[in-house]
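Naming: A, B, ... by sequence-line order, numbering from 1 per chain. All of these numbers come straight from a predicted model, not from anything done at the bench.
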2 protein chains.
Amino acid sequence: MKTMTIGKVAKKSGVGVETVRFYERKDLIDQPPKPPFGGFRIYPAETVEHIRFIRQAQELGFSLREIKELLSLRLDPTADCADVRERAQVKLKEITRKITAMKGIQSALEKLIASCPGEGSIQVCSIIDAIETPETTRRELKKKEKKS
Amino acid sequence: MKTMTIGKVAKKSGVGVETVRFYERKDLIDQPPKPPFGGFRIYPAETVEHIRFIRQAQELGFSLREIKELLSLRLDPTADCADVRERAQVKLKEITRKITAMKGIQSALEKLIASCPGEGSIQVCSIIDAIETPETTRRELKKKEKKS
DNA sequence: ATTGACTCTATACTTAGGTGTAGGGTTTAT
DNA sequence: ATAAACCCTACACCTAAGTATAGAGTCAAT
(Lines give C-alpha, C1' and ligand atoms only; values in the text may rest on other atoms or scores of the structure.)
Protein backbone atom coordinates (compact mmCIF):
# COMPACT_ATOMS: atom_id res chain seq x y z
CA MET A 1 0.00 0.00 0.00
CA LYS A 2 2.97 2.27 0.44
CA THR A 3 4.84 2.85 -2.78
CA MET A 4 2.14 3.36 -5.34
CA THR A 5 3.60 3.09 -8.80
CA ILE A 6 1.77 3.77 -12.02
CA GLY A 7 0.56 0.21 -12.43
CA LYS A 8 -1.23 0.30 -9.10
CA VAL A 9 -2.77 3.65 -9.89
CA ALA A 10 -4.05 2.22 -13.14
CA LYS A 11 -5.50 -0.87 -11.50
CA LYS A 12 -7.17 1.05 -8.70
CA SER A 13 -8.74 3.54 -11.00
CA GLY A 14 -9.77 0.98 -13.56
CA VAL A 15 -7.80 2.22 -16.56
CA GLY A 16 -4.67 1.10 -18.35
CA VAL A 17 -1.18 2.32 -17.56
CA GLU A 18 -0.99 3.97 -20.94
CA THR A 19 -4.16 5.87 -20.22
CA VAL A 20 -2.68 7.27 -17.02
CA ARG A 21 0.33 8.46 -18.95
CA PHE A 22 -1.96 9.90 -21.59
CA TYR A 23 -3.78 11.96 -18.96
CA GLU A 24 -0.44 13.16 -17.67
CA ARG A 25 0.58 14.30 -21.11
CA LYS A 26 -2.71 16.14 -21.44
CA ASP A 27 -2.18 17.78 -18.04
CA LEU A 28 -5.35 16.33 -16.61
CA ILE A 29 -3.41 14.88 -13.72
CA ASP A 30 0.00 15.76 -12.35
CA GLN A 31 2.94 13.61 -13.14
CA PRO A 32 4.89 13.07 -9.93
CA PRO A 33 8.62 13.73 -10.25
CA LYS A 34 10.92 10.81 -10.72
CA PRO A 35 12.96 10.15 -7.57
CA PRO A 36 16.40 11.67 -8.16
CA PHE A 37 18.68 9.09 -9.72
CA GLY A 38 16.58 6.55 -11.48
CA GLY A 39 13.73 4.49 -10.19
CA PHE A 40 9.99 4.67 -10.55
CA ARG A 41 7.57 7.48 -9.91
CA ILE A 42 5.50 7.34 -6.74
CA TYR A 43 1.90 8.50 -6.99
CA PRO A 44 -0.20 10.12 -4.28
CA ALA A 45 -3.50 8.41 -3.45
CA GLU A 46 -5.51 11.34 -4.83
CA THR A 47 -4.44 10.53 -8.34
CA VAL A 48 -6.78 7.56 -8.25
CA GLU A 49 -9.71 9.78 -7.29
CA HIS A 50 -8.81 12.22 -10.01
CA ILE A 51 -8.84 9.55 -12.64
CA ARG A 52 -12.15 8.20 -11.40
CA PHE A 53 -13.56 11.68 -11.61
CA ILE A 54 -12.33 12.05 -15.16
CA ARG A 55 -13.97 8.80 -16.19
CA GLN A 56 -17.25 9.65 -14.51
CA ALA A 57 -17.34 13.03 -16.14
CA GLN A 58 -16.62 11.50 -19.52
CA GLU A 59 -19.54 9.15 -19.05
CA LEU A 60 -21.68 12.19 -18.54
CA GLY A 61 -20.71 13.65 -21.87
CA PHE A 62 -17.89 16.00 -20.96
CA SER A 63 -14.83 16.14 -23.17
CA LEU A 64 -11.37 16.06 -21.67
CA ARG A 65 -11.09 19.74 -22.39
CA GLU A 66 -14.26 20.45 -20.42
CA ILE A 67 -13.12 18.18 -17.64
CA LYS A 68 -9.90 20.13 -17.41
CA GLU A 69 -12.02 23.23 -17.00
CA LEU A 70 -14.05 21.58 -14.26
CA LEU A 71 -10.88 20.52 -12.51
CA SER A 72 -9.45 24.00 -12.72
CA LEU A 73 -12.31 25.13 -10.50
CA ARG A 74 -10.78 23.31 -7.57
CA LEU A 75 -9.13 25.15 -4.79
CA ASP A 76 -6.61 27.35 -6.48
CA PRO A 77 -5.25 29.87 -4.01
CA THR A 78 -3.94 32.11 -6.75
CA ALA A 79 -7.23 32.23 -8.63
CA ASP A 80 -9.52 35.18 -8.55
CA CYS A 81 -12.52 34.11 -6.53
CA ALA A 82 -15.00 35.98 -8.66
CA ASP A 83 -13.63 34.37 -11.77
CA VAL A 84 -13.86 30.87 -10.36
CA ARG A 85 -17.38 31.64 -9.26
CA GLU A 86 -18.37 32.73 -12.72
CA ARG A 87 -16.90 29.72 -14.43
CA ALA A 88 -18.60 27.49 -11.92
CA GLN A 89 -21.90 29.12 -12.73
CA VAL A 90 -21.47 28.48 -16.42
CA LYS A 91 -20.75 24.83 -15.74
CA LEU A 92 -23.67 24.60 -13.38
CA LYS A 93 -26.04 25.83 -16.04
CA GLU A 94 -24.66 23.32 -18.48
CA ILE A 95 -25.12 20.47 -16.07
CA THR A 96 -28.59 21.53 -15.07
CA ARG A 97 -29.59 21.55 -18.71
CA LYS A 98 -28.17 18.09 -19.17
CA ILE A 99 -30.04 16.76 -16.17
CA THR A 100 -33.28 18.07 -17.59
CA ALA A 101 -32.67 16.45 -20.96
CA MET A 102 -31.68 13.23 -19.26
CA LYS A 103 -34.91 13.22 -17.30
CA GLY A 104 -36.75 13.59 -20.58
CA ILE A 105 -35.27 10.35 -21.84
CA GLN A 106 -35.82 8.75 -18.47
CA SER A 107 -39.52 9.41 -18.39
CA ALA A 108 -39.88 8.41 -22.02
CA LEU A 109 -38.34 5.07 -21.20
CA GLU A 110 -40.57 4.70 -18.18
CA LYS A 111 -43.59 5.37 -20.35
CA LEU A 112 -42.34 2.90 -22.90
CA ILE A 113 -41.92 0.23 -20.27
CA ALA A 114 -45.31 0.93 -18.76
CA SER A 115 -47.06 0.81 -22.12
CA CYS A 116 -45.57 -2.58 -22.90
CA PRO A 117 -46.58 -4.81 -20.02
CA GLY A 118 -46.54 -8.02 -22.02
CA GLU A 119 -50.03 -7.82 -23.43
CA GLY A 120 -51.58 -5.55 -25.99
CA SER A 121 -49.68 -3.80 -28.73
CA ILE A 122 -47.28 -0.94 -28.26
CA GLN A 123 -48.82 1.88 -30.12
CA VAL A 124 -46.97 5.07 -29.59
CA CYS A 125 -43.68 5.38 -27.93
CA SER A 126 -41.20 7.40 -29.71
CA ILE A 127 -38.42 8.34 -27.35
CA ILE A 128 -37.68 10.97 -29.92
CA ASP A 129 -40.76 12.95 -28.99
CA ALA A 130 -39.61 12.86 -25.40
CA ILE A 131 -36.69 15.09 -26.07
CA GLU A 132 -38.16 18.35 -27.03
CA THR A 133 -35.52 20.60 -28.44
CA PRO A 134 -35.06 23.27 -25.76
CA GLU A 135 -36.29 26.80 -26.34
CA THR A 136 -32.90 28.38 -26.70
CA THR A 137 -31.83 25.95 -29.35
CA ARG A 138 -35.08 26.39 -31.20
CA ARG A 139 -34.56 30.09 -31.31
CA GLU A 140 -31.04 29.68 -32.61
CA LEU A 141 -32.26 27.34 -35.28
CA LYS A 142 -35.03 29.73 -36.30
CA LYS A 143 -32.42 32.28 -37.24
CA LYS A 144 -30.59 29.87 -39.48
CA GLU A 145 -33.84 28.62 -40.98
CA LYS A 146 -34.58 31.95 -42.64
CA LYS A 147 -34.38 30.59 -46.16
CA SER A 148 -36.81 27.72 -46.48
CA MET B 1 -41.44 24.21 -47.28
CA LYS B 2 -42.55 21.40 -49.55
CA THR B 3 -39.57 19.65 -51.11
CA MET B 4 -37.13 19.19 -48.27
CA THR B 5 -33.76 18.30 -49.66
CA ILE B 6 -30.73 17.31 -47.63
CA GLY B 7 -29.45 20.86 -47.30
CA LYS B 8 -32.65 21.99 -45.63
CA VAL B 9 -32.65 19.01 -43.31
CA ALA B 10 -29.10 19.89 -42.31
CA LYS B 11 -29.90 23.52 -41.68
CA LYS B 12 -33.05 22.78 -39.69
CA SER B 13 -31.35 20.24 -37.52
CA GLY B 14 -28.23 22.30 -37.04
CA VAL B 15 -25.69 19.95 -38.58
CA GLY B 16 -23.75 19.85 -41.83
CA VAL B 17 -24.92 18.07 -44.95
CA GLU B 18 -22.04 15.64 -44.66
CA THR B 19 -23.11 14.76 -41.15
CA VAL B 20 -26.59 13.87 -42.35
CA ARG B 21 -25.09 11.57 -44.94
CA PHE B 22 -22.80 10.13 -42.32
CA TYR B 23 -25.78 9.24 -40.13
CA GLU B 24 -27.42 7.63 -43.13
CA ARG B 25 -24.38 5.50 -43.79
CA LYS B 26 -24.40 4.45 -40.16
CA ASP B 27 -28.10 3.60 -40.36
CA LEU B 28 -29.03 6.04 -37.66
CA ILE B 29 -31.56 7.64 -39.94
CA ASP B 30 -33.22 6.33 -43.08
CA GLN B 31 -32.04 7.50 -46.41
CA PRO B 32 -35.09 8.31 -48.52
CA PRO B 33 -35.06 6.72 -51.97
CA LYS B 34 -34.00 8.80 -54.92
CA PRO B 35 -36.96 9.68 -57.13
CA PRO B 36 -36.87 7.26 -60.08
CA PHE B 37 -34.77 8.75 -62.84
CA GLY B 38 -32.38 11.19 -61.37
CA GLY B 39 -33.02 14.12 -59.14
CA PHE B 40 -32.63 14.82 -55.44
CA ARG B 41 -33.84 12.92 -52.43
CA ILE B 42 -36.83 14.32 -50.56
CA TYR B 43 -36.75 14.01 -46.77
CA PRO B 44 -39.72 13.63 -44.43
CA ALA B 45 -40.00 16.19 -41.64
CA GLU B 46 -39.29 13.60 -38.95
CA THR B 47 -35.72 13.26 -40.09
CA VAL B 48 -35.05 16.63 -38.53
CA GLU B 49 -36.41 15.46 -35.18
CA HIS B 50 -34.35 12.30 -35.42
CA ILE B 51 -31.16 14.20 -35.94
CA ARG B 52 -31.96 16.55 -33.08
CA PHE B 53 -32.52 13.54 -30.88
CA ILE B 54 -29.20 12.07 -31.91
CA ARG B 55 -27.38 15.28 -31.05
CA GLN B 56 -29.09 15.63 -27.70
CA ALA B 57 -28.30 12.08 -26.77
CA GLN B 58 -24.68 12.58 -27.76
CA GLU B 59 -24.49 15.58 -25.49
CA LEU B 60 -25.61 13.32 -22.72
CA GLY B 61 -22.74 10.96 -23.23
CA PHE B 62 -24.25 8.31 -25.46
CA SER B 63 -22.26 6.95 -28.35
CA LEU B 64 -23.82 6.57 -31.75
CA ARG B 65 -23.96 2.84 -31.16
CA GLU B 66 -25.92 3.36 -27.96
CA ILE B 67 -28.17 5.88 -29.66
CA LYS B 68 -28.95 3.34 -32.32
CA GLU B 69 -29.98 0.98 -29.54
CA LEU B 70 -32.18 3.65 -28.02
CA LEU B 71 -33.78 4.33 -31.38
CA SER B 72 -34.40 0.67 -31.95
CA LEU B 73 -36.73 0.78 -28.97
CA ARG B 74 -39.20 2.84 -30.91
CA LEU B 75 -42.42 1.39 -32.15
CA ASP B 76 -41.35 -1.68 -34.03
CA PRO B 77 -44.39 -3.82 -34.77
CA THR B 78 -42.30 -6.85 -35.52
CA ALA B 79 -40.33 -6.67 -32.31
CA ASP B 80 -40.97 -8.94 -29.40
CA CYS B 81 -42.59 -6.79 -26.75
CA ALA B 82 -40.85 -8.51 -23.86
CA ASP B 83 -37.50 -7.98 -25.53
CA VAL B 84 -38.08 -4.31 -26.13
CA ARG B 85 -39.22 -3.99 -22.55
CA GLU B 86 -36.06 -5.58 -21.26
CA ARG B 87 -33.76 -3.46 -23.35
CA ALA B 88 -35.64 -0.38 -22.26
CA GLN B 89 -35.11 -1.36 -18.65
CA VAL B 90 -31.38 -1.69 -19.17
CA LYS B 91 -31.23 1.75 -20.73
CA LEU B 92 -33.38 3.18 -17.98
CA LYS B 93 -30.99 1.96 -15.32
CA GLU B 94 -28.08 3.44 -17.21
CA ILE B 95 -29.76 6.79 -17.47
CA THR B 96 -30.83 6.82 -13.87
CA ARG B 97 -27.26 6.19 -12.82
CA LYS B 98 -26.08 9.05 -15.00
CA ILE B 99 -28.63 11.40 -13.55
CA THR B 100 -27.43 10.57 -10.05
CA ALA B 101 -23.80 11.20 -10.97
CA MET B 102 -24.76 14.40 -12.69
CA LYS B 103 -26.57 15.59 -9.59
CA GLY B 104 -23.38 14.93 -7.66
CA ILE B 105 -21.49 17.36 -9.81
CA GLN B 106 -24.39 19.77 -9.71
CA SER B 107 -24.47 20.02 -5.96
CA ALA B 108 -20.69 20.22 -5.77
CA LEU B 109 -20.79 23.21 -8.06
CA GLU B 110 -23.56 24.75 -6.03
CA LYS B 111 -21.50 24.34 -2.90
CA LEU B 112 -18.49 25.79 -4.64
CA ILE B 113 -20.46 28.84 -5.72
CA ALA B 114 -21.96 29.27 -2.26
CA SER B 115 -18.59 29.03 -0.57
CA CYS B 116 -17.13 31.71 -2.77
CA PRO B 117 -19.36 34.71 -2.40
CA GLY B 118 -16.67 37.24 -3.20
CA GLU B 119 -15.17 37.56 0.23
CA GLY B 120 -13.14 35.16 2.32
CA SER B 121 -10.95 32.46 0.93
CA ILE B 122 -12.17 29.31 -0.73
CA GLN B 123 -10.99 26.57 1.48
CA VAL B 124 -12.38 23.27 0.43
CA CYS B 125 -14.16 22.62 -2.74
CA SER B 126 -12.97 19.73 -4.62
CA ILE B 127 -15.58 18.75 -7.13
CA ILE B 128 -13.72 15.50 -7.18
CA ASP B 129 -14.97 14.57 -3.74
CA ALA B 130 -18.47 15.21 -4.97
CA ILE B 131 -18.38 12.27 -7.27
CA GLU B 132 -18.12 9.33 -5.00
CA THR B 133 -17.40 6.26 -6.99
CA PRO B 134 -20.63 4.29 -6.80
CA GLU B 135 -20.79 1.15 -4.69
CA THR B 136 -20.99 -1.24 -7.57
CA THR B 137 -17.90 0.14 -9.20
CA ARG B 138 -16.04 0.08 -5.93
CA ARG B 139 -16.84 -3.58 -5.49
CA GLU B 140 -15.68 -4.34 -8.99
CA LEU B 141 -12.46 -2.54 -8.38
CA LYS B 142 -11.85 -4.34 -5.12
CA LYS B 143 -11.72 -7.59 -7.01
CA LYS B 144 -9.06 -6.31 -9.34
CA GLU B 145 -7.11 -4.72 -6.51
CA LYS B 146 -6.26 -8.06 -4.94
CA LYS B 147 -2.54 -7.63 -5.38
CA SER B 148 -1.47 -4.39 -3.75
C1' DA C 1 -30.44 28.78 -71.95
C1' DT C 2 -27.21 29.79 -68.84
C1' DT C 3 -25.47 30.50 -64.34
C1' DG C 4 -25.22 29.84 -59.44
C1' DA C 5 -26.67 27.11 -55.80
C1' DC C 6 -27.51 22.83 -54.77
C1' DT C 7 -27.16 17.42 -54.96
C1' DC C 8 -24.83 12.95 -55.90
C1' DT C 9 -21.07 9.28 -55.20
C1' DA C 10 -16.73 8.20 -53.71
C1' DT C 11 -12.75 8.78 -51.34
C1' DA C 12 -9.43 11.16 -48.37
C1' DC C 13 -8.39 13.78 -44.28
C1' DT C 14 -8.95 15.28 -39.38
C1' DT C 15 -9.48 15.35 -34.29
C1' DA C 16 -10.23 13.26 -29.84
C1' DG C 17 -9.19 9.82 -26.98
C1' DG C 18 -6.86 6.39 -26.35
C1' DT C 19 -3.90 1.54 -27.13
C1' DG C 20 0.25 -1.09 -28.43
C1' DT C 21 5.08 -1.90 -28.99
C1' DA C 22 10.08 -1.69 -29.05
C1' DG C 23 14.04 -1.35 -26.59
C1' DG C 24 15.72 -0.33 -22.80
C1' DG C 25 16.27 0.11 -17.18
C1' DT C 26 14.64 -1.19 -12.19
C1' DT C 27 12.65 -3.98 -8.35
C1' DT C 28 11.52 -7.73 -5.93
C1' DA C 29 10.65 -12.46 -4.92
C1' DT C 30 13.12 -16.71 -4.95
C1' DA D 1 22.12 -13.18 -8.31
C1' DT D 2 18.82 -13.97 -11.44
C1' DA D 3 14.32 -14.07 -13.51
C1' DA D 4 9.66 -12.31 -13.58
C1' DA D 5 7.24 -8.44 -13.25
C1' DC D 6 7.26 -3.88 -13.55
C1' DC D 7 8.70 0.95 -15.09
C1' DC D 8 10.62 4.46 -18.59
C1' DT D 9 10.69 7.07 -23.19
C1' DA D 10 9.35 7.50 -27.66
C1' DC D 11 6.72 6.63 -31.29
C1' DA D 12 3.38 4.13 -34.17
C1' DC D 13 -1.25 2.62 -34.52
C1' DC D 14 -6.38 2.44 -33.75
C1' DT D 15 -11.51 3.66 -33.47
C1' DA D 16 -15.28 6.94 -33.36
C1' DA D 17 -17.28 10.67 -35.29
C1' DG D 18 -17.14 13.56 -38.26
C1' DT D 19 -15.32 17.09 -42.24
C1' DA D 20 -13.47 18.11 -46.77
C1' DT D 21 -12.76 17.57 -51.66
C1' DA D 22 -13.22 16.13 -56.42
C1' DG D 23 -15.80 15.53 -60.26
C1' DA D 24 -20.08 15.09 -62.16
C1' DG D 25 -25.16 15.88 -62.43
C1' DT D 26 -29.64 18.73 -61.40
C1' DC D 27 -32.73 22.58 -60.45
C1' DA D 28 -34.53 27.25 -60.37
C1' DA D 29 -34.18 32.06 -61.36
C1' DT D 30 -33.04 35.34 -64.43
Side-chain angles (χ1 to χ4, degrees), chain A residues 1-29 31-43 47 50-71 144-148, chain B residues 1-29 31-43 47 50-71 144-148:
Chain A
M1 205 72 300
K2 209 74 268 280
T3 60
M4 192 152 65
T5 54
I6 197 166
K8 286 176 192 162
V9 171
K11 196 167 270 181
K12 286 202 182 210
S13 47
V15 303
V17 166
E18 290 314 315
T19 303
V20 177
R21 290 208 241 268
F22 174 73
Y23 290 158
E24 286 171 353
R25 283 200 299 283
K26 291 277 169 178
D27 286 320
L28 279 156
I29 57 177
Q31 186 182 47
K34 230 171 39 176
F37 278 108
F40 304 159
R41 277 174 235 280
I42 307 298
Y43 289 77
T47 305
H50 285 209
I51 294 171
R52 283 181 183 163
F53 175 81
I54 292 167
R55 297 252 107 168
Q56 272 287 340
Q58 275 187 304
E59 278 264 287
L60 303 176
F62 294 98
S63 68
L64 294 187
R65 217 172 61 47
E66 289 171 321
I67 293 167
K68 214 164 150 185
E69 280 164 32
L70 274 172
L71 289 173
K144 290 185 192 166
E145 264 177 44
K146 274 290 158 77
K147 276 232 126 73
S148 93
Chain B
M1 200 89 263
K2 210 70 267 279
T3 61
M4 192 152 64
T5 55
I6 196 166
K8 285 177 193 163
V9 170
K11 194 168 271 181
K12 285 202 182 211
S13 47
V15 303
V17 165
E18 289 314 315
T19 303
V20 177
R21 291 209 242 265
F22 174 74
Y23 290 157
E24 286 171 357
R25 283 200 300 282
K26 291 277 170 177
D27 286 319
L28 280 155
I29 55 176
Q31 186 182 48
K34 236 181 20 185
F37 279 108
F40 305 159
R41 276 174 235 279
I42 306 300
Y43 289 77
T47 304
H50 286 209
I51 294 171
R52 283 180 184 165
F53 175 82
I54 292 166
R55 297 253 107 167
Q56 273 288 339
Q58 274 187 306
E59 280 264 285
L60 302 176
F62 295 98
S63 67
L64 293 187
R65 216 170 64 44
E66 291 171 319
I67 293 167
K68 212 164 150 183
E69 280 164 33
L70 274 173
L71 289 174
K144 290 184 192 166
E145 264 175 46
K146 274 290 158 74
K147 278 231 124 78
S148 93

* Any Q58(A) side-chain nitrogen or oxygen under 4.0 Å from OP1 or OP2 of dA16(C) -> no

* Asked: Looking at residues at least two apart in the chain, or sitting in another chain, which of them share a side-chain hydrogen bond (donor to acceptor under 3.5 Å, both in side chains) with E24(A)?
  -> Q31(A), Y43(A)

* Within less than 4.0 Å of OP1 or OP2 of dG17(C), is there a side-chain N or O belonging to Y23(A)? -> no

* OP1 or OP2 of dC6(C) less than 4.0 angstrom from a side-chain nitrogen or oxygen of T5(B), does that happen here? -> no

* **Reported CD1-to-CZ distance for the pair I6(B) and R21(B), which is rounded to 0.5 angstrom** => 4.0 Å

* Asked: Taking only N and O in the side chain of R21(B), is any of them less than 4.0 Å away from OP1 or OP2 of dC8(C)?
  -> yes

* Structure fact -> Taken in chain and number order and not counting sequence neighbours, the residues that satisfy side-chain contact (heavy atoms from CB on, under 4.5 Å) with Y23(A) are T19(A), L28(A), I29(A), I51(A), I54(A), R55(A), Q58(A), L64(A)

* Going from CZ on R25(B) to CD on E18(B), what distance comes out if it is rounded to the nearest 0.5 angstrom? -> 7.0 Å

* Asked: By side-chain contact (heavy atoms from CB on, under 4.5 Å), which residues pair with E69(A), not counting sequence neighbours?
  -> R65(A), K91(A)

* Of all residues at least two apart in sequence or in a different chain, which pass the salt bridge (Lys or Arg N to Asp or Glu O under 4.0 Å) check with E66(B)? -> none

* How does protein reach along nucleotides 19-30 of chain D, written 5' to 3' as B (base within reach of a heavy atom under 4.0 Å), S (only sugar-phosphate), or - (no contact)? -> BBB---BBS---

* Asked: Under 4.0 Å between a side-chain N or O of R41(B) and OP1 or OP2 of dC8(C)?
  -> yes

